[in-house]
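The chains referred to below are lettered A, B, ... by the order of the sequence lines, with proteins before strands, and numbering in each begins at 1. Below, all heavy atoms of this structure are taken into account, side chains as well, without hydrogens, waters or symmetry copies.
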Number of protein chains: 2
Amino acid sequence: MPTPSRTSLDAITAAGGDILDTRGLPGLTMQAVAQAVGVKPPSLYKHVADRDALVGLVADAAATDLATHLARRGGVAGLAGRGELAGLARSLRAWATAHPERFRLVFSGHGSPEVAAAAGAPLLKAARDLVGPADKLSAARLLTAWATGFISMELAGAFQLGGNVDAAFEYGIGRLTAALHEG
Amino acid sequence: MPTPSRTSLDAITAAGGDILDTRGLPGLTMQAVAQAVGVKPPSLYKHVADRDALVGLVADAAATDLATHLARRGGVAGLAGRGELAGLARSLRAWATAHPERFRLVFSGHGSPEVAAAAGAPLLKAARDLVGPADKLSAARLLTAWATGFISMELAGAFQLGGNVDAAFEYGIGRLTAALHEG
DNA sequence: ACCTGAACACCGTTCAAGT
DNA sequence: ACCTGAACACCGTTCAAGT
């Protein structure tokens, strides 16, 4: 007699995201997720291959959330060129500050490359407006690498030497957008 | 009757580094390290508080290794200003490529902030030569954030969109050093 | 067709007992 | 003073048995 699923991939993914936020990646265990969706751990294997696959699902969901966050911000501002890139960088940092564990997971390589690439689309578009199609990929990578590196170091507590971290972020935005604008 | 230690912190740290290289951070277990130094797992707790502390030791050893690698390269080249920063960035990437797991660990926040800061000293010096003392901290952070972000994405396989990754790295060096030089 | 209990291998950690 | 065996809690995963 076929029994309807007592849980679902969506429920599992959502519960995984909540657990990631509150207990970090080490706390994202099969047991914790199973309990959150009201099922015993072995049942999860009917929906997911193993823990790695579950972590990948949570990573992809976070990347998609980030993508819509970036796309919305870009649309609202409607600025072209230099200001658009700056806005995207600030928007990325704001999202990372609100969801530090999700940010770390998105850029850790646990998700699918396709989903991660989709999240970078707004950046690619803004980069093309600034430097033209020939250099847009390199320019987008320059800004993405800097922003994710800066935010990762900030989240890891690597900015112990003092100084204003907000100011350092704005300094980077200013120098980078100026450097790209000239090219 | 006092018994001389059958192992040591140095041996434990060195074995931890080897295991990290070959089996990654998940493979860096108390059991694996104990076996490598010829001891049973409970004995490690006479030398180390817990696994987190052991991981921290390995991270600090890696950061120190990176620091000497960067300092040596800087000394050999002997270039001032713009070329020095570019050389340091390439040197960082070369070290990361040779020891990807150690690189990831160094910038993951598991080590002590003091040791990590010491590794950044050559960069701080090169930045001061280029932009002056007022902006040296922001400038060093700009280059460090970009380089670590770029390399992290490269190691995570985030550069799926094609294009020449080496060329993108050189593009970043060129734009960044130019932007800092003008300031 | 999905869920469960029981089981196994593995891991971190504690502690009393050895030398 | 350091090392060990035994033990405990926890985790991922498999599988036969339930409904």
Trainee: Considering Watson-Crick and G-U wobble pairs with both distances under 3.5 Å, what does D:dC3 pair with?
Mentor: none
Trainee: In whole angstroms, how far is the P atom of C:dG5 from the NZ atom of A:K40?
Mentor: 5 Å
Trainee: Measure the distance from CD on A:Q35 to P on D:dC11 and round it to the nearest whole Å.
Mentor: 10 Å
Trainee: What integer distance in Å separates A:M30:CE from D:dC11:C1'?
Mentor: 11 Å
Trainee: Please report, rounded to the nearest Å, how far the P atom of D:dT14 is from the CG atom of A:L44.
Mentor: 13 Å
Trainee: If you check the B:P42 side chain, which of D:dT4, D:dC11, C:dT4 turns out closest?
Mentor: D:dT4
Trainee: Under 4.5 Å between any side-chain heavy atoms of B:W95 and B:L70, yes or no?
Mentor: no
Trainee: Using purine N1 to pyrimidine N3 plus N6-O4 or O6-N4 for Watson-Crick, or N1-O2 and O6-N3 for G-U wobble, both under 3.5 Å, which nucleotide pairs with C:dA17?
Mentor: none
Trainee: So B:S43, base contact, sugar-phosphate only, or nothing? Heavy-atom distance under 4.0 Å.
Mentor: base
Trainee: With both distances under 3.5 Å as the test, what is the Watson-Crick or G-U wobble partner of D:dC8?
Mentor: C:dG12
Trainee: What is the distance from OH of B:Y45 to P of C:dG12, rounded to the nearest Å?
Mentor: 6 Å
Trainee: Where the side chain of A:Q31 is defined as all heavy atoms beyond and including C-beta, which of C:dC3, D:dC11, C:dT14 is the nearest nucleotide?
Mentor: D:dC11
Trainee: Please check if the side chain of A:S108 supplies one atom and the backbone of A:L105 the other of a donor-acceptor pair under 3.5 Å.
Mentor: yes
Trainee: May I have the distance from B:R51 (atom CZ) to C:dC10 (atom C1'), rounded to whole angstrom?
Mentor: 13 Å
Trainee: With the side chain of A:H47 defined as its heavy atoms from C-beta on, choose the nearest nucleotide among D:dT4, C:dC3, D:dC11.
Mentor: C:dC3
Trainee: Take atom NZ of A:K46 and atom C1' of D:dT13, then tell me their distance rounded to the nearest Å.
Mentor: 13 Å
Trainee: For the atom pair CG (A:L57) and CG (A:D52), what is the distance rounded to the nearest 0.5 Å?
Mentor: 11.0 Å
Trainee: When you measure from the side chain of A:T29, which nucleotide among D:dC3, D:dG12, C:dT13 comes out closest?
Mentor: D:dG12
Trainee: Quick one: do B:L25 and B:V33 end up in the same hydrophobic cluster if we chain Ile, Leu, Val, Met, Phe, Trp and Tyr together by side-chain heavy atoms under 4.5 Å apart?
Mentor: yes
Trainee: As a test of reading the structure: which of C:dG5, C:dC3, D:dG12 is closest to the side chain of A:T7, going by heavy atoms?
Mentor: C:dC3
Trainee: When you check the gap from the basic side-chain N to the acidic O, do B:E170 and B:R90 get nearer than 4.0 Å?
Mentor: yes
Trainee: Classify A:S5 by what it touches in the nucleic acid, base, sugar-phosphate, or nothing, heavy-atom distance under 4.0 Å.
Mentor: sugar-phosphate
Trainee: Nearest to the side chain of B:D50, heavy atoms from C-beta on, is which of C:dT13, D:dG12, D:dT4?
Mentor: C:dT13
